[in-house]
Amino acid sequence: MASDVDTADGETVILNCIDSDGSRLDGDHEEIVISTAEVSQWDLTSLAHRPIIKIKANRQRLIQQSSYFHGLLSGSFSESCFDSISIHWDVESLLSMLRFIFGCSMDLTSENFLPLYEASLFFGVDKLLLVCRSWLDYVTSEVRIWPPQLCLEDLVHIWDYGRENAIDFIPQLTGYLARNFIWMASCDSFHNVPFELLLSCVKQPCLTVDSEKHLCDAILLWLAANTNPSDRLRSTGDARLEILTEIRTNLLSLPFAAGKRRCPFFSKFAERSVVAICSLAASRSFILADILGGGDCNQLRIHLTEYTKILDLSGCPQINLLLLLLNMLPSSNNLDKLLMKKLNQLSLKLERNMDISRIPWETFPVLTFEAVQVVDVSNCPMLHLEAAIEFFSKSFPSLTTLKAAYILTFRTMKLYQLLQRFPLLSDIDLTVDSTPVIPAKVSVISSFPAVMMQISTSPNDETCPDVPAFHFSRELSNITKFILEGRTDIYDSDLQNIAECCPSLCCINLNACTSITDSGISILILKCVELHSIFVCDTSFGHNCVLSLCRNISRLDAVAMEMADNTNSLAYKLQILHIGGCKGINETSLLELISQTQRVRSLCLRETQLVDNSLYKFSGSSLEMLDVSDTKVSCHAVGQVVRGNPLLKCLIARGCRHLLLEENDILGNSPVLYYELGKSCNLEEISLGWGFSFFSLEALRPAIRMLRTFIVGLGGSLGEDGLKLVPTFCPWLETLILYFQVVSDSVVRNILETLKNLQVLSLCYCFGEISSLSFQSSAPRLRKLKLERVSTQMTDDDLLILSRNCMNLTELSLVGCKRLNSESQDTISNGWPGLISLHLEDCGEVTAQGVTSLMNCQALEDLLLRHNGLGIDRNVIIRAASKMPLLRKVAVDVCDAKDGDFDLPDFSDRNFLRIVKIARCNLKRRTLGSTKSGTCTTPVHAETLILTWDSRKLSRTVVKERL
């Protein structure tokens, strides 16, 4: 509130404020006179642009509040008797300071802090100086973990000012930025952060990052932006590269570290990192011996502070229970002998797969990190998750989200233990790779009895009852989201227990959980009345589930079925329903279900018995995603849904033969469907096939300006002209997948040169031939590339060009490149060391001399080698699993086996493997020309042996299909 100061009593002084920025003196020179008596009415926005302002101010108030004015107006200076004095200063900050002096409150921001601090320091306004310091103390205080409305650029200016003027707020600024490093690295001006400030932040004990990968990536981005291109080829000589030594390379994720082996100034660090990670992953006892035996403990210290909210260890095969436990203890450098003995005993017990309920966890004095809310240990194959849960519950009492995808060792019978330990846990992800043996999709020739995993225990171990699978207490769990995708070790009994323990469950993902039944899923639906998101693709979801969804949940009568216009059914309240591939739903049930899903936002009906009559019954208007691929719907039926759902962002309709143009569905040259899409939608993803043409693309143009994913499948025909228009129509594309389209070098080159955001490019079974000319342009953002039957003349030299211009690939699939040879292995392993997926099929003689070089792709998670040359050793599967710590899926063909067969891994030597597929062919005699050239045979697929592991068993199945 401004004070009422009388300026008409002879105590008035005129302050001629002249802006210190001389460029403004050429502007409007109209004299502006204002008074501090009306200070609360000043319009700073308009006044700040005036080069000269006259201010009538109370002399005594200025003398009292400012040491500068005290000396000037009451001392021996000649100005003390003047009625007017001139001040050269930034007008905006000077006016703000005068407002404060005359009683107005101060609204500080990171933008005006420094000008006001300088003004208060120069003019000696101690109260304002104190306000500025208090504000800076507040916004950089430890309790404010997340940045308020601060600008990094402003904070850098404040830091620069403090360093130049030896002001003591530098430590609190560097501490603040260290605690909020992830925010700092995400700012557009991050590359302008001075090196000294960045280095100081990285060295702070309170440095808080989600993972070592985030820290490393931020530093490398900064170095790339601040290093001359000619200097990037040198890994020494730049003093700024010392910051790389602050990265704890032993804690990087394996795919990240492997991918950085081609980074010029980080290649040596990355190479050492990969070696260390693989060594740690190969030996369970190595970590304990290294830390307690005087090794470099700092390299294994996770950046875990009292401010950490997210702990991301995904993709780290070196992370095991002992390493995590040692990071939770007060000090790993000063462990007493008794604790060392307990740790050694723990290591031995875990190696023997001893039941964790027999381990005295209370004897380990773990620290508590109250701020941690999210833990991600996905793809950490060496982590004993069941044991980790025990001390996670003590160290992370505020945990709300646990991501533990692709950890097969976690037994579903221990779900109770997980739910019991974390009262605040609301989101769990236990995804594993989906089995290829989906009953509705394969023809089983034979199957073998499951081989159960044996848990060994020492006879000398004290016995203790196992933790029960579930304890029925509705107060145990606040789980709202449960992801169990792909888990074949989930059964109906588990679903029933989940329903009992998780009354607040809102989202359940059971995709590809093939061991559960229609009845089991229906019981879960009946008991979890809060469900609004259901993912059950490729399961036995059927008639019973439809009845449960359509049941009137407001009625206690179990037989009450309000099947028409029932707004009290669970189906009516659904927001997400994904039932793709569920063959157990007949047309009648599907029609009834669709008629009640009026609020659904995401609807997946792929590969179901969906017909037009069912789709016509859909009356919702909130749809954002619709998948009707491989169904019998027509353009008219899909068009009607599109017309009523203008918020549609994603449409997937590949494999729908009834989408072919019909005479009565044509408006001009485009069908009703594409006309409706172009008229009302703003799409981000579209997948089409039958009936999609150049004219359809023209009709879609208004709807695909912001398209991110574009897939054209069998039955679509864009032609070269249409494909050349795609980059123009869809400039923001990130994913482009083409099947059976006409392509050429000019088309592909245009795509890569124009679509700067493209990350995924798939050209599968397309017409035409592409050469190395297609990849002459650099595509640094491209991450996934599939070239299947489109580049038959590719040589190793062409592959080398591809590796140079698409150097950041993480997934590569080559099919039908018949001129490749064994040298191509070196090109692949050296050109793309960070690959996580590699598929090579019918690629000449790539494996004619074995697969030695491919073993250097140590970050691989998915490896397929088929018909690439007879020369693969019989132990290749076991060897690959031991060399590649994250390898989960392997597919080979007996045709390539040097000894005619492959050794099959068991539980002890499979490491992280989830799925192994071994195809076998029969040799079929060719009929044309066989009499002239002797006996000519060609391999014809016969069957595929599929081995699938889960937490309980090994399943072995032989199917007809080539999967």
Side-chain angles (χ1 to χ4, degrees), residues 440 518 522 534 536-538 540-552 561-567 569-646 648 650-667 671-677 680-681 687-692 715:
D518 181 27
S522 67
I534 300 176
V536 285
C537 294
D538 300 314
S540 298
F541 181 97
H543 181 68
N544 290 326
C545 292
V546 173
L547 292 179
S548 296
L549 284 172
C550 296
R551 174 177 177 268
N552 188 331
M561 294 289 177
E562 301 291 338
M563 294 301 236
D565 193 27
N566 189 349
T567 57
S569 69
L570 186 58
Y572 179 80
K573 302 177 187 298
L574 283 179
Q575 298 176 20
I576 299 176
L577 178 62
H578 286 205
I579 55 175
C582 297
K583 305 294 187 180
I585 320 172
N586 58 34
E587 290 184 17
T588 304
S589 296
L590 193 57
L591 184 149
E592 189 59 51
L593 178 59
I594 291 175
S595 68
Q596 294 197 31
T597 53
Q598 298 177 28
R599 295 185 177 182
V600 71
R601 292 186 290 106
S602 181
L603 182 61
C604 175
L605 302 168
R606 63 166 176 84
E607 302 172 37
T608 61
Q609 298 185 42
L610 181 67
V611 294
D612 284 358
N613 287 339
S614 300
L615 201 54
Y616 284 137
K617 287 292 184 179
F618 181 76
S619 58
S621 58
S622 305
L623 206 58
E624 297 176 13
M625 195 287 288
L626 175 63
D627 184 351
V628 293
S629 53
D630 295 298
T631 61
K632 298 179 180 180
V633 293
S634 68
C635 272
H636 191 275
V638 180
Q640 177 173 298
V641 173
V642 169
R643 189 182 306 117
N645 290 269
L648 192 69
C650 172
L651 175 63
I652 303 173
R654 274 180 59 206
C656 298
R657 291 178 176 269
H658 290 69
L659 291 185
L660 282 171
L661 303 186
E662 300 172 10
E663 186 176 351
N664 60 343
D665 283 337
I666 300 293
L667 289 174
V672 171
L673 171 60
Y674 308 119
Y675 172 78
E676 292 293 345
L677 285 168
S680 59
C681 295
S687 176
L688 298 164
W690 293 100
F692 187 64

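Note that the numbering runs from 1 along the sequence shown for the chain. None of these values were measured; they are calculated from a predicted model.
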Distance, nearest 0.5 Å, that separates [atom1] of [X] from [atom2] of [Y]:
X: Tyr572; Y: Gln598; atom1: OH; atom2: CD; result: 5.5 Å
X: Ser634; Y: Tyr616; atom1: OG; atom2: OH; result: 4.5 Å
X: Arg599; Y: Gln575; atom1: CZ; atom2: CD; result: 9.0 Å
X: Leu593; Y: Cys545; atom1: CG; atom2: SG; result: 10.0 Å
X: Phe692; Y: Arg654; atom1: CZ; atom2: CZ; result: 13.0 Å
X: Phe618; Y: Leu610; atom1: CZ; atom2: CG; result: 11.5 Å

- Apply the test side-chain contact (heavy atoms from CB on, under 4.5 Å) to residues Val642 and Ser680: give CA-CA distance (whole Å), side-chain angles for both, the deciding distance (0.1 Å), then the verdict. CA-CA 8 Å; Val642 169; Ser680 59; 4.2 Å; yes
Closest non-hydrogen atom pair, [X] against [Y]:
X: Thr608; Y: Leu605; answer: OG1-O, 2.6 Å
X: Leu659; Y: Trp690; answer: CB-O, 3.5 Å
X: Ser595; Y: Glu592; answer: OG-O, 2.6 Å
X: Ile594; Y: Ser614; answer: CG2-O, 3.5 Å
X: Val633; Y: His658; answer: O-CB, 3.1 Å
X: Ala653; Y: Leu688; answer: CB-CD2, 3.9 Å

- Just do the side-chain contact (heavy atoms from CB on, under 4.5 Å) check on Asp538 and Arg606 with the steps written out, would you? CA-CA 10 Å; Asp538 300 314; Arg606 63 166 176 84; 2.9 Å; yes
Would you call [X] and [Y] a side-chain contact if the rule is heavy atoms closer than 4.5 Å?
X: Lys632; Y: Val611; answer: yes
X: Leu574; Y: Leu603; answer: no
X: His578; Y: Ser602; answer: yes
X: Ser522; Y: Leu547; answer: no
X: Leu615; Y: His636; answer: no

Contacts under 3.5 angstrom, residues 580-589 side chains, donor-acceptor by atom type, not counting sequence neighbours:
unit_1, atom_1, unit_2, atom_2, d
Lys583, NZ, Glu607, O, 2.9
Asn586, OD1, Thr588, N, 3.2
Asn586, OD1, Ser589, N, 2.7
Asn586, OD1, Ser589, OG, 3.0
Ser589, OG, His543, ND1, 3.0

Output a table of donor-acceptor pairs, distance under 3.5 Å, between side-chain atoms of residues 619-628 and any protein atom two or more places apart or on a different chain; print 'none' if there are none.
unit_1, atom_1, unit_2, atom_2, d
Asp627, OD1, Ser629, N, 3.0
Asp627, OD1, Ser629, OG, 2.7

- The residue among Ile576, Leu577, Leu549 that forms side chain to side chain contact (heavy atoms under 4.5 Å, CB included) with Thr597 is Leu577
- Query: Sub-3.5 Å donor-acceptor pair from the side chain of Asp518 to the main-chain atoms of Gly542, do we have one?
  - Reply: yes
- Message: With side-chain contact (heavy atoms from CB on, under 4.5 Å) as the criterion, how do Leu648 and Leu677 come out once you've worked through the C-alpha distance, each side chain's angles and the decisive distance to 0.1 Å?
- Response: CA-CA 9 Å; Leu648 192 69; Leu677 285 168; 4.2 Å; yes
